[in-house]
Amino acid sequence: MSTNHSEARALVVATHNLMHGLRIEALVAHYLALREAEGLDLLCLQEDRYLTGPGASGDERPSARIVAALGAPYELVREDACPGLCFIYDSRTLRCRSRSVVALPRLGSLSWFEKLYIVGGKTKQKYLLLAEMEARDGAATFAAVCFHLDTAGGNTHRLTQVCAIAEALETAGFRARAIACGDTNAFALRRQPQALETLLAPLRSLGAVDWEPAALASVAAPKARPTHFFARQNEPKLPHRVGVLLGKLGLDLPRRYDVVCTNLPVRRRGQVATPGSDHDLVWAALEA
């Protein structure tokens, strides 16, 4: 946590899509820098897949490298039934009391165009990783959820997945104390901020919001800005490679995908540019 005495009770929660850890060493430096500058109590990760390339063992995931770099106080929450998602938390400030995996609504089929950019050309089951966390200073428990919504299916389908996330929080008894972090994939050609706002409406019904000017009028927060950049992606499909090429020519379509939605009091928010992934890291300092 921050060494600033006035911020001693703030919990710093961050979320990041690792882009499969393809440039994990570059990403680790950002987590260490955030910890030193603001604190880092809870890190929610997406695309925590097996590492490949020089120096990687066959069963190593990016999260293992990150935990090792952060040091002994940090612990990992991961479930094999929920591939790609995990939490890393500072055991000096937080305790994980329980964890669970929730299946999200599955897309029935892919369109011909979606088959061009979905690796494997088939729909995949998406999950929610939910952890009941307790602050070691005696504060009440809260629920932390990590998610990665479908790339395919459009925002109408993704809305059904966010509805399931909100329902899971209510079922778990954490309607009033929740932090929902992840990659929404809320793509829209026009009026994307409004599309993201509509997509997050089920969480807003619980009082959980991402950056919002009216809600954060008294919080030192940067203007909400894009977190995903096609020019930085490293996927094998042709549409992805075309996106990279167009991005390098200055024709990128940056969009805000990544969110920390919470109904806990927010002191401040921030965003870190991470060129080692196609997603920037976003974080919030909360009063737990």
Open item on the list: Show, in sequence, the C-alpha distance, side-chain angles and deciding distance for Arg269 and Asp210, and conclude whether the salt bridge (Lys or Arg N to Asp or Glu O under 4.0 Å) test is met.
Closed with: CA-CA 9 Å; Arg269 291 180 181 266; Asp210 184 37; 3.7 Å; yes
Task: Verdict with supporting geometry, Asp80 and Arg61, salt bridge (Lys or Arg N to Asp or Glu O under 4.0 Å) - done: CA-CA 12 Å; Asp80 290 339; Arg61 299 185 188 181; 3.8 Å; yes
Open item on the list: Using the rule given for side chain to side chain contact (heavy atoms under 4.5 Å, CB included), can you reason through Arg65 versus Glu60, listing the C-alpha separation, both sets of side-chain angles and the distance that settles it, and then say yes or no?
Closed with: CA-CA 8 Å; Arg65 294 267 185 99; Glu60 186 180 14; 2.8 Å; yes
- [ ] Apply the test side chain to side chain contact (heavy atoms under 4.5 Å, CB included) to residues Leu206 and Phe174: give CA-CA distance (whole Å), side-chain angles for both, the deciding distance (0.1 Å), then the verdict.
- [x] CA-CA 9 Å; Leu206 306 182; Phe174 287 99; over 6 Å; no
TODO: Report the C-alpha separation of Arg78 and Ser63 in whole Å, then their side-chain angles, then the decisive distance to 0.1 Å, and conclude whether the side chain to side chain donor-acceptor pair (under 3.5 Å) test is met.
DONE: CA-CA 9 Å; Arg78 187 174 64 202; Ser63 55; 3.0 Å; yes
Open item on the list: Test salt bridge (Lys or Arg N to Asp or Glu O under 4.0 Å) on Arg232 and Asp280; report intermediate values, then the result.
Closed with: CA-CA 10 Å; Arg232 285 166 26 187; Asp280 278 354; 2.7 Å; yes
Open item on the list: Between Leu76 and Cys86, does the side chain to side chain contact (heavy atoms under 4.5 Å, CB included) criterion hold? Intermediate values first, please.
Closed with: CA-CA 7 Å; Leu76 178 65; Cys86 73; 3.9 Å; yes
TODO: Please report the C-alpha distance between Arg35 and Leu70 in whole Å, then the side-chain angles of each, then the deciding distance to 0.1 Å, and finally whether the side chain to side chain contact (heavy atoms under 4.5 Å, CB included) criterion is met.
DONE: CA-CA 9 Å; Arg35 183 186 64 181; Leu70 289 171; 4.0 Å; yes
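The closest side-chain heavy-atom distance from Phe147 to Cys44 is not below 4.5 Å. Residues Leu203 and Val209 have side chains not in contact (no heavy-atom distance under 4.5 Å, counting atoms from C-beta outward). Side-chain contact check for Ser277 versus Arg23: every heavy-atom pair is 4.5 Å or farther apart. In this structure the side chain of Leu253 never reaches within 4.5 angstrom of the side chain of Phe229, judged on heavy atoms. Using a 4.5 Å heavy-atom threshold, the side chains of Arg204 and Glu197 count as touching. At least one side-chain heavy atom of Val13 sits less than 4.5 Å from a side-chain heavy atom of Cys181. Between Ile24 and Ile66, some side-chain heavy-atom pair lies under the 4.5 Å cut-off. Counting only heavy atoms from C-beta outward, the side chains of Thr198 and Asn155 never approach each other to under 4.5 Å.
In this structure, Arg255 contributes its side chain and Gln192 its backbone to no donor-acceptor pair below 3.5 Å. With hydrogens and angles disregarded, no donor-acceptor distance shorter than 3.5 Å links the side chain of Gln46 to the backbone of His148. In this structure, Gln161 contributes its side chain and Asp150 its backbone to a donor-acceptor pair below 3.5 Å. A donor-acceptor pair under 3.5 Å links the side-chain atoms of Asp90 to the main chain of Arg92, judged by distance alone.
Atoms OG and OH, from Ser91 and Tyr74 in turn, are 9.0 Å apart once rounded to the nearest 0.5 Å. With rounding to the nearest 0.5 angstrom, the CG atom of Leu107 is 12.0 Å from the CG atom of Leu149. The CG atom of Leu32 lies 11.0 Å from the CG atom of Leu27; values are rounded to the nearest 0.5 Å. Here the CZ-CG distance, from Arg177 to Asn263, works out to 8.5 Å after rounding to the nearest 0.5 Å. One distance of note links OG1 of Thr160 with CZ of Arg106; it measures 13.5 Å at 0.5 Å rounding.
More than 12 heavy-atom neighbours from other residues, nucleotides or ligands sit within 6.0 angstrom of CD on Gln125.
Residues Leu281 and Thr274 come closest through the heavy atom pair N-OG1, 3.9 Å. Between Leu264 and Glu287 the shortest heavy-atom distance is CB-O, 3.9 Å. Nearest heavy-atom pair, Asp41 versus Leu94, reported as atom, atom and distance to 0.1 Å: O-CD1, 3.6 Å. In terms of heavy-atom proximity, Ala186 sits nearest to Leu199 at CB-CD2, 3.6 Å. In this structure, Leu200 and Val162 approach most closely via the heavy-atom pair CA-CG1, 4.5 Å. Contact detail for Leu40 and Ala14: the closest heavy-atom pair is CD1-CB, 4.0 Å.
Under the 6.0 Å cut-off for aromatic ring centres, Tyr31 and His16 qualify, their centroids lying closer than that.
Between His228 and Tyr257, the ring planes are parallel. Angles under 30° get that label, and only those over 60° would be called perpendicular.
Hydrophobic clustering of Ile, Leu, Val, Met, Phe, Trp and Tyr side chains at less than 4.5 Å, counting indirect connections, unites Leu104 with Leu159. Under the 4.5 Å side-chain heavy-atom criterion for ILVMFWY residues, a single connected hydrophobic cluster contains both Val266 and Met133. Side-chain heavy atoms closer than 4.5 Å link hydrophobic residues (I, L, V, M, F, W, Y) into clusters, and following such links, even through other members, never connects Phe87 to Leu128. The hydrophobic cluster containing Leu85 also contains Ile179, counting ILVMFWY residues as joined when their side-chain heavy atoms lie under 4.5 angstrom apart, directly or transitively. Tracing side-chain contacts under 4.5 Å through hydrophobic residues (I, L, V, M, F, W, Y), one reaches Leu18 starting from Leu34; they form part of the same cluster.
Residues Arg158 and Thr184 bring no donor and acceptor atom of their side chains to less than 3.5 Å of each other. When only modelled atom types and interatomic distance are considered, Thr15 and Asp258 share no side-chain donor-acceptor pair under 3.5 Å. There is a side-chain donor-acceptor pair under 3.5 Å between Glu132 and Ser98. Arg256 and Gln271 form a side-chain donor-acceptor contact under 3.5 Å, judged by distance and modelled atom types alone.
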